[in-house]
Amino acid sequence: MSKLIVSISSKEQLKTLLNKKIDGVILSIDKLSVNSSFYIDVNFLDEVDFKGKEVFVSLNKLMHNYDLEHLKKVMHKLKNKDIRILFYDMAVYNIAKEYDMVDKLVIFQDHLNASVMSNSFYSRLGIKGSYITSDITKEELIEIKEKNNIDIFFLCYGYAPIFYSRRYLISNYLKHINVENDGLEYKITSDMGVTYPIVEEEFGTTIYTNREINLINNLDEIKNIDYIVMNSNLIDEFKFNSMVDKFINHEKIDDTYIGFFNQKTIYKVK
Amino acid sequence: MRKVELLAPAGNLERLKIALLYGADAVYFGGRNYSLRANAKNLDIHEIKEACEYAHNLGKKVYVTVNIVFHTEDTEGLIEYLKQLEMCKVDAIIVSDPLVINLVHDNKINIPIHISTQYSSVNYETVNFWKSMGVERVVLGRETSREEIKEIIDKTGVEIEMFIHGAMCASYSGRCVLSNYFTNRDANRGGCAQICRWSFDLTKNGKKIENTTKFTMCSKDLCMIEYLKDIIDIGVASLKVEGRMRSIYYIATVINNYRRAIDEYYNGTLTKEKIKKYLKELNKVAARDSCDQFFNQLPTTKEQYFLGRSEISNQDFLAIVASYKDGYVNVISKNYFKPGDIVEIISPHNEPISFVIPDIYDMDGNKLDASRHPEEMVKFKLDVEVSKYDMIRIKLA
């Protein structure tokens, strides 16, 4: 049976969700993670009673040289905590190896980790968990799980990032056309009329899927996946918390968007 | 001091030969399988063998991209392919999915590994990780600055390759799957539809921003000719030109100009005036405006395009020399030209030479009023001796 973990978008939401029958929470560390609307200082972890639930911290930023000193300090503080770390950049692995904490790591590379053998590579490094890309099918996901001795994480609800740039794309554009950058929420719409959330943060710009991926009706098909993840980023807290209840109760709902769960991408090279 | 490598793209054998002839020290290309740029013709295994033999005879190197993000089904046949590349004696493979590292090591395949820019390695800890995996070279993410590159080189000792010329991804490489979600084409398996060059409406707080200029992520191209000295001085090992799908004229021009600049840097004759001249030449074949992107600062509005997709079709390339005999040059036509046109010849070894197109003849000796058809062979009298693969273009203003 899969465990249910949720990413957190505010202190209030953390308090609310810790009282639900979830198995864990994901918190994003300030300056070292992206794609969140709530970032914490690492010391915040000491202030919270997590009520026995698993705690995951996200260090999913692509690290530049200037991030490394802070990263090392944060990882040193995490070393003796009962947490696991979602990470993108292999700098995190290299430091974890030095600190003897590789077993806490969960590789989380958005779109780069899509095969049985790729996961074997990380498994052989001693990494114990892998958050798999949303760009693969159910069959591919299940095969990765079956053929690897590694905990598999999969996004089952929420917006998935589909583009991440180091550039300040919104600011640059608005400056170019002389419009003030005072918006709280931005979206782009293609000529085909499809709208995608776009968010500019301190470390660049991210575009997300045009709808929340929602696999609530498909959970039985992936019951061997170790962790199903619900990502609260960009979703109204009340709506998200209600959806958490539905996931806990395995309710069925209409009109879900399931991304590539049942559909292969094309343009294969063979 | 080890001389920096000039690394050129080669979408097929013809481009490979042109790139090497015009001064590249090494070329990179994809095989028919496992490579991004699925729209490039790419090379089959026989052509890869031929490419290696051709390059090695010139004392030059060949790198093959095996740089898709593999799905499980794509890994079928991969070991055999890697063994074939080893037999072809490729000098390295460029990979983004680390599963290839395991396969190379587990199967004792003797091919050096370069980590692709697709992995976006942008710090020294990550580069040191690759070093510990036995990787010979890392192609840095294009988001690195001069200081970052230097620090990475100083703290790793790993060979560092960086892009110096050509088109840019708007995103960190590997972190864009817009193609997947917009067109179902898999960006990380060679199907990138360049969605970042599309135009969009931007809405702020639910309201569309009305402006004649639409939102785009499109970036200008990269051109580092003005910073060549700085790049070499900080210890970069290889200078990479983007463009496996570019024309032979583009490759010849870009490689030739960087070749001259690099050689002049080493023999102490590279001047500001020469750089200015090379920049002018490079701009002439550019499809877009170019700049230094992340090298000196984080890109601002100046490093982006807000005019939508605006690529220039280059009509300057008129013909390529097929042979020269008895004062007549046989050329393969590429664009329209006629007697009286003022043109110039570019070659790997000489400065451009200007001349006026004289009477043109077909291969049966019939006089033509113009060369009208691409790929037709025509000839004309020429007093200057030229060589196969020299190119004729409209004279630069």
Side-chain angles (χ1 to χ4, degrees), chain A residues 62-65 67-68 89-91 93-95 110-118 120-122 124 135-136 140 143-144 161-170 172-177 179 183-191 194-195 198 207 209-210 260 263 265-270, chain B residues 33-35 38 68-72 74-75 96-99 101-103 119-120 122-126 128-129 143 148 151-152 170-172 174-178 180-182 184-186 188-191 198 200-206 209 211 213 215 217 219 294 298-301 304 306:
Chain A
L62 258 173
M63 305 295 173
H64 284 257
N65 289 350
D67 296 313
L68 296 177
D89 196 300
M90 293 312 287
Y93 169 83
N94 231 28
I95 296 165
D110 291 343
H111 314 292
L112 290 188
N113 187 11
S115 72
V116 169
M117 283 200 241
S118 308
S120 295
F121 174 85
Y122 296 111
R124 281 162 63 168
D135 314 321
I136 63 173
E140 290 175 302
E143 190 179 4
I144 288 170
I162 58 175
F163 169 97
Y164 176 47
S165 173
R166 182 68 187 90
R167 300 163 193 270
Y168 299 114
L169 295 172
I170 297 174
N172 287 348
Y173 170 69
L174 293 178
K175 187 176 176 193
H176 181 74
I177 62 169
V179 171
L184 296 173
E185 179 187 284
Y186 290 97
K187 289 182 178 174
I188 55 170
T189 304
S190 70
D191 288 345
V194 185
T195 294
I198 179 167
I207 298 171
T209 46
N210 72 311
F260 291 102
Q263 180 192 17
T265 51
I266 58 168
Y267 233 76
K268 273 195 64 195
V269 291
K270 284 203 271 190
Chain B
N33 296 333
Y34 316 118
S35 168
I68 62 165
V69 171
F70 286 85
H71 287 227
T72 303
D74 302 319
T75 54
S96 65
D97 196 322
L99 73 85
I101 297 175
N102 277 358
L103 288 183
Y119 206 92
S120 286
V122 292
N123 69 75
Y124 59 83
E125 285 287 354
T126 298
N128 271 328
F129 166 74
E143 290 77 8
E148 288 176 314
E151 191 175 9
I152 289 169
S171 71
Y172 280 110
R175 291 194 85 161
C176 173
V177 286
L178 291 176
N180 303 43
Y181 287 86
F182 279 66
N184 206 36
R185 287 166 51 167
D186 197 324
N188 283 332
R189 286 196 282 180
W198 291 14
F200 298 86
D201 289 323
L202 183 69
T203 58
K204 181 167 85 168
N205 303 335
I209 294 172
N211 197 285
T213 302
F215 175 83
M217 298 154 240
S219 76
F294 288 84
L298 276 177
T300 64
T301 186
Q304 280 187 244
F306 294 107

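Computed from a prediction, not measured in an experiment: that's the story for all the values here.
Ranked by heavy-atom pairs under 4.5 Å with chain B, the first of A:Tyr93, A:Tyr173, A:Phe121 is A:Tyr173. Between chain B and the residues A:Arg166, A:Met63, A:Gln263, the most heavy-atom pairs under 4.5 angstrom are made by A:Arg166.
Residues B:Asn102 and A:Met117 fail the side-chain proximity criterion, which asks for heavy atoms closer than 4.5 Å. Looking only at side-chain heavy atoms (C-beta outward), B:Glu125 and A:Ile95 come within less than 4.5 Å of each other. The closest side-chain heavy-atom distance from A:Ile207 to B:Met217 is below 4.5 Å. Proximity of B:Phe306 to A:Asn172: side-chain heavy atoms (C-beta onward) are separated by under 4.5 Å at one or more points. Under the 4.5 Å side-chain criterion, counting only non-hydrogen atoms from C-beta, A:Arg167 is in contact with B:Phe294.
Of the possible donor and acceptor atoms, one in the side chain of A:Asn65 sits under 3.5 Å from a partner among the backbone N and O of B:Glu148. In terms of modelled atom types and a separation under 3.5 Å, the side chain of B:Ser171 and the main chain of A:Phe163 share no donor-acceptor contact. Side chain of A:Ser118 to main chain of B:Leu99: no donor-acceptor pair is present (N/O by atom type, distance under 3.5 Å, no hydrogens or angles). A donor-acceptor pair under 3.5 Å links the side-chain atoms of B:Asn205 to the main chain of A:Leu184, judged by distance alone. B:Thr72 contributes a side-chain N or O that, together with a main-chain N or O of A:Val116, makes up a donor-acceptor pair within less than 3.5 Å.
Applying the ring-ring contact (aromatic ring centres under 6.0 Å, His included) test to A:Phe260 and every residue at least two apart in sequence or in another chain returns B:Tyr181. Applying the ring-ring contact (aromatic ring centres under 6.0 Å, His included) test to A:Tyr186 and every residue at least two apart in sequence or in another chain returns nothing.
The two atoms that bring A:Leu62 and B:Ser120 nearest to each other are CD2-O, 3.3 Å, heavy atoms only. Residues A:Leu112 and B:Val69 come closest through the heavy atom pair O-CG1, 3.5 Å. The two residues B:Phe215 and A:Leu169 make their nearest non-hydrogen contact at CE1-O, 3.5 Å.
For A:Asp135, the parts lying under 4.5 angstrom from a heavy atom of chain B are both the backbone and the side chain. Contacts between A:Ile177 and chain B at a heavy-atom distance below 4.5 Å involve backbone atoms as well as side-chain atoms. Residue A:Thr195: no heavy atom, backbone or side chain, is found under 4.5 Å from chain B.
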